[in-house]
Amino acid sequence: MTLLARLASDVQLMFRRPPRQQYGAICYRVKKKSGDVEVLLLTSRDTGRWVIPKGWPMNGKCAHEVAAQEALEEAGVRGTVETETLGAYTYPKMLRDGVQVICKVQVYALEVTDMAKNFKEKGERTIEWVSFDEAAGRVHEPELRRLFLAFKQKMTDKLAVKAVKQIPAAKQISAK
């Protein structure tokens, strides 16, 4: 390796930074009549891309609590957030000073139980409820797309088990 190549490699390593940590939520609701699950997407304020609510760590809050807080501030939704992560994805973020950094977003499921009429970023973003497949098609990050599809499978399995439990025992026996 030449001295110039070695120097270039060392400079590259000096400027390589670990990803910045963020926390986000896949917000979902189960429609009462149909039992269909919808997920919430919103547009980013700067690029207008379809994203999930997410943000930086907050002092005194656990990761899942940050995800829930961001969902309230960015989309006006409240609900029950799971403490177990669904997974993570990375994306490039342009900071205010023009520096681009890689962010790693740890994602939590949040079952929406209430929507606020007024919230911090109301009017700054477009918010839509869509199917898992529609959400996976709209987001740009392949890892986030996979999280939507994996969560779709998890919810399908969860709702199937719940439906079986709701069938009266006599009907379950007679069906055999």
Side-chain angles (χ1 to χ4, degrees), residues 19 21-58 61-93 103-168 171-172:
Q21 185 66 60
Q22 289 190 319
Y23 305 108
I26 290 182
C27 305
Y28 71 97
R29 66 183 181 188
V30 180
K31 294 174 99 179
K32 286 186 173 94
K33 289 183 181 176
S34 65
D36 292 340
V37 179
E38 293 180 315
V39 289
L40 182 128
L41 285 180
L42 50 112
T43 54
S44 68
R45 290 187 295 184
D46 50 355
T47 65
R49 288 180 1 266
W50 289 104
V51 297
I52 61 172
K54 63 188 170 310
W56 304 108
M58 297 176 187
K61 288 193 186 270
C62 296
H64 67 280
E65 293 170 326
V66 172
Q69 181 68 37
E70 292 297 333
L72 177 60
E73 290 178 9
E74 295 181 6
V77 295
R78 292 184 190 93
T80 306
V81 64
E82 292 183 14
T83 57
E84 196 74 28
T85 183
L86 292 172
Y89 72 97
T90 56
Y91 77 101
K93 178 172 182 65
C103 292
K104 180 179 180 180
V105 184
Q106 220 169 288
V107 180
Y108 297 85
L110 186 146
E111 184 173 11
V112 174
T113 56
D114 183 46
M115 294 186 70
K117 287 188 168 110
N118 293 306
F119 52 96
K120 189 174 180 180
E121 296 181 16
K122 183 177 182 176
E124 297 179 31
R125 302 170 182 273
T126 301
I127 298 168
E128 284 188 28
W129 288 98
V130 298
S131 69
F132 283 109
D133 293 334
E134 179 70 20
R138 286 191 190 185
V139 297
H140 291 143
E141 300 80 10
E143 296 163 308
L144 180 55
R145 194 171 293 133
R146 285 192 288 276
L147 284 176
F148 273 119
L149 297 175
F151 188 53
K152 173 186 178 181
Q153 187 60 55
K154 180 179 177 180
M155 288 302 297
T156 300
D157 295 346
K158 181 179 174 181
L159 293 172
V161 167
K162 188 176 178 182
V164 168
K165 287 181 179 177
Q166 290 178 344
I167 298 171
K171 285 189 179 178
Q172 287 182 20

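Note that the structure is a prediction, hence the values are computed from the model and not measured.
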CD of E141 to CZ of F148, rounded to nearest 0.5 Å, is 9.5 Å
What one should report as the nearest heavy-atom pair of L72 and A116 is CD1-CB, 4.5 Å
One should read off an interatomic distance between W56 CH2 and C103 SG, to the nearest 0.5 angstrom, of 3.5 Å
Taken to the nearest 0.5 Å, the spacing of C27 SG from E70 CD works out to 11.0 Å
All heavy atoms of L147 vs all of L86, minimum pair found to be CD2-O, 3.5 Å
Taking every heavy atom of A25 against every heavy atom of A67, the minimum-distance pair comes out as CB-O, 3.9 Å
message = Checking the side chain of T43 only, and the main-chain atoms of T126 only, is there a donor and an acceptor separated by less than 3.5 Å?
response = yes
**OP:** Could you walk me through whether K154 and E82 pass the salt bridge (Lys or Arg N to Asp or Glu O under 4.0 Å) test, one step at a time?
**Re:** CA-CA 13 Å; K154 180 179 177 180; E82 292 183 14; 3.4 Å; yes
Rounded to the nearest 0.5 Å, the CD atom of Q69 sits from the NZ atom of K120 at a distance of 8.0 Å
### Message
Before you tell me yes or no, could you show the steps for K104 and E143 under salt bridge (Lys or Arg N to Asp or Glu O under 4.0 Å), namely the whole-Å CA-CA distance, both residues' side-chain angles and the distance that decides it to 0.1 Å?
### Response
CA-CA 11 Å; K104 180 179 180 180; E143 296 163 308; over 6 Å; no
Residues 123-136 vs salt bridge (charged side-chain N to carboxylate O under 4.0 Å, His left out), sequence neighbours excluded, gives R45-E124, E74-R125, E121-R125, E128-R138, D133-K152, E134-R138
Less than 4.5 Å apart, side chain to side chain, heavy atoms only: is that true for L159 and V37?
yes
Here the gap from Q22 atom CD to Y91 atom OH, rounded to the nearest 0.5 Å, amounts to 3.5 Å
* To do: Assign the ring pair Y23 / Y108 to parallel, tilted or perpendicular, where the plane angle (0 to 90°) is split at 30° and 60°.
  => tilted
Next on the checklist: In the structure I gave you, are the side-chain heavy atoms of I52 and L42 within less than 4.5 Å of one another anywhere?
Outcome noted: no
Pair V39, V130 - check side-chain contact (heavy atoms from CB on, under 4.5 Å), show working. CA-CA 5 Å; V39 289; V130 298; 4.2 Å; yes
Inset, instruction - Applying side-chain contact (heavy atoms from CB on, under 4.5 Å), run through K54 and K93 and close with a yes or a no. - result: CA-CA 12 Å; K54 63 188 170 310; K93 178 172 182 65; over 6 Å; no
In terms of heavy-atom contacts, V81 and A68 come closest through CG1-CB, 4.1 Å
Correct closest heavy-atom pair for L110 and A71 would be CD1-CB, 4.2 Å
In this structure, CD1 of I127 is separated from CZ of F119 (nearest 0.5 Å) by 4.0 Å
Minimal heavy-atom distance between A63 and Q106, with the atoms involved, is CB-NE2, 4.3 Å
When you look at L40 and V112, which way does the side-chain contact (heavy atoms from CB on, under 4.5 Å) test go after all the steps?
CA-CA 9 Å; L40 182 128; V112 174; 5.8 Å; no
